[in-house]
Amino acid sequence: MRNLVVSTGAGISAESGITTFRDAGGLWENYPVMDVASHDGFLRDPALIHKFYNGLRAKLVSAQPNAAHRGLVELEKNFNVNVITQNVDDLHERAGSSNVLHLHGELMKVRSLTHEERVYQLPCNELSDKGLETSVDTRDPYGDAVRPHIVFFQEAVPNFDRACMLAQKADVFVVIGTSLVVYPAASLLHYAPRSAEVYYIDPNPSAVPGHVHVIAKKATEGVRELIEILTHK
Ligand code: OAD
């Protein structure tokens, strides 16, 4: 089967009711990004960061995957599909995607502040807080404080190398719902081989190289069109 690599951003979850970051009314319009999503911000005010991600988590649990997430699962019948997502939500997994690589971390996980490899899926009985909320007082079984398992600005993107390796093997590369402004994620598209077909689904697409087929539609509609294009070839 041919390799289909999909790179997703906040736009694919917009129709599930998850707020994007840079659209009008987006998260970064209402919260100072350097306070709630940077390494320095976490050092300055970890309580604020816990509160912010507790709020996002509460919204995520009541959200459902949409037809775009499900469409990518449907494509697994005909392609070897790898999803690389900038999203911290778990909607690809809940839709049933088999291979999901998170570039910017995962909202439903926290990790030890001192031992990065100790990652806990929420809710977690091993933590001092058993629910979906964490705070500066939450302790893991070793007595260590925890932090959201999120890649903050100013931090490295540990899964980027794996993402590049996947992109380099793509026969078809699809970008969905991202403003393509945050690096290194935005550069993934350029790792796809020259021979690959490249598509970009976004109702308000950013500038992309000429060989990219732009589908200027919302994710649900755009993925439906993509399935038709790819399965009728
Ligand atoms: P942005 O908010 O920057 O961009 C959202 C994109 O989704 C825009 O291009 C919109 O046009 C598009 N969009 C809006 N509604 C859509 C819909 N229904 N269907 C398809 N597309 C739609 O979000 P990202 O590019 O994902 O990082 O942002 C990248 C990173 O910046 C995020 O992962 C996050 C943020 O800071 C961290 O928090 C670490």
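One-based numbering, in listed order, for ligands and for the atoms of each. Please read all numbers here as calculations on a predicted model, not as lab measurements. All values below were derived from every heavy atom in this structure, side-chain atoms included, with hydrogens, water molecules and symmetry-related copies excluded.
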Just by distance, no angles: are the side chains of [X] and [Y] close enough, under 3.5 Å, to form a donor-acceptor pair?
| X | Y | answer |
| --- | --- | --- |
| S13 | H69 | yes |
| E155 | H39 | yes |
| T85 | H102 | no |
| T220 | E15 | yes |
| Q86 | T178 | yes |
| T114 | D144 | yes |

Is the shortest N/O to N/O distance between [X] and ligand 1 below 3.5 Å?
| X | answer |
| --- | --- |
| A10 | yes |
| R22 | yes |
| N87 | no |
| H104 | yes |
| K218 | no |
| I201 | no |
| F21 | yes |

Which atoms of ligand 1 sit under 4.0 Å from any heavy atom of [X]?
| X | answer |
| --- | --- |
| T178 | 6 (C), 9 (O), 24 (P), 25 (O) |
| V182 | 29 (C), 30 (C), 31 (O) |
| N204 | 11 (O) |
| W28 | 35 (C), 36 (O), 38 (O) |
| G9 | 26 (O) |
| F153 | 36 (O) |

Among protein heavy atoms, which lies nearest [atom], and at what distance?
| atom | value |
| --- | --- |
| atom 8 (C) of ligand 1 | D202 OD2, 3.5 Å |
| atom 15 (N) of ligand 1 | A14 CB, 3.8 Å |
| atom 14 (C) of ligand 1 | D23 OD2, 3.4 Å |
| atom 16 (C) of ligand 1 | G11 O, 3.6 Å |
| atom 18 (N) of ligand 1 | E15 OE2, 3.2 Å |
| atom 29 (C) of ligand 1 | Q86 OE1, 3.1 Å |

Open item on the list: For T20, which part has a heavy atom under 4.0 Å from ligand 1: side chain, backbone, both, or neither?
Closed with: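 Both backbone and side chain.
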Open item on the list: Heavy-atom pairs closer than 4.0 Å: do any link ligand 1 to the side chain of V151, the backbone, both, or neither?
Closed with: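 It is the backbone that gets close, since no side chain atom is under 4.0 Å.
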TODO: Look up atom NZ in K109 and atom OG1 in T134, then write down how far apart they are to the nearest 0.5 Å.
DONE: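 Taking NZ in K109 and OG1 in T134, the distance rounds to 15.0 Å.
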- [ ] Drop me the distance from F173's CZ to E197's CD, to the nearest 0.5 angstrom.
- [x]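 One finds 13.5 Å between CZ of F173 and CD of E197.
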Open item on the list: My understanding is that we take every heavy atom of each candidate and find the minimum distance to atom 21 (N) of ligand 1. Doing that for A185, A219, P203, A24, which one comes out nearest?
Closed with: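 Of the listed residues, P203 has the closest heavy atom.
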- [ ] Just go through G105, S179, S206 and tell me whose heavy atom is the nearest to atom 4 (O) of ligand 1.
- [x]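 The nearest heavy atom belongs to S179.
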Before accepting this row, confirm whether a basic side-chain N of the pair [X]/[Y] lies closer than 4.0 Å to the acidic partner's carboxylate O.
| X | Y | value |
| --- | --- | --- |
| R118 | E126 | no |
| D202 | K218 | no |
| R224 | E74 | yes |

TODO: Please work out which of the three classes, parallel, tilted or perpendicular, describes the rings of F21 and W28, given edges at 30° and 60°.
DONE: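 Ring orientation, 0 to 90° scale: tilted.
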Task: Audit row: R94, D89, salt bridge (charged side-chain N to carboxylate O under 4.0 Å, His left out) steps and yes/no - done: CA-CA 10 Å; R94 284 203 259 145; D89 67 49; over 6 Å; no
TODO: Establish, for the pair R111 and Y120, whether the NZ or CZ atom is under 6.0 angstrom from the six-membered ring centre and no further than 45 degrees off its axis.
DONE: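 Not satisfied by the 6.0 Å and 45° rule.
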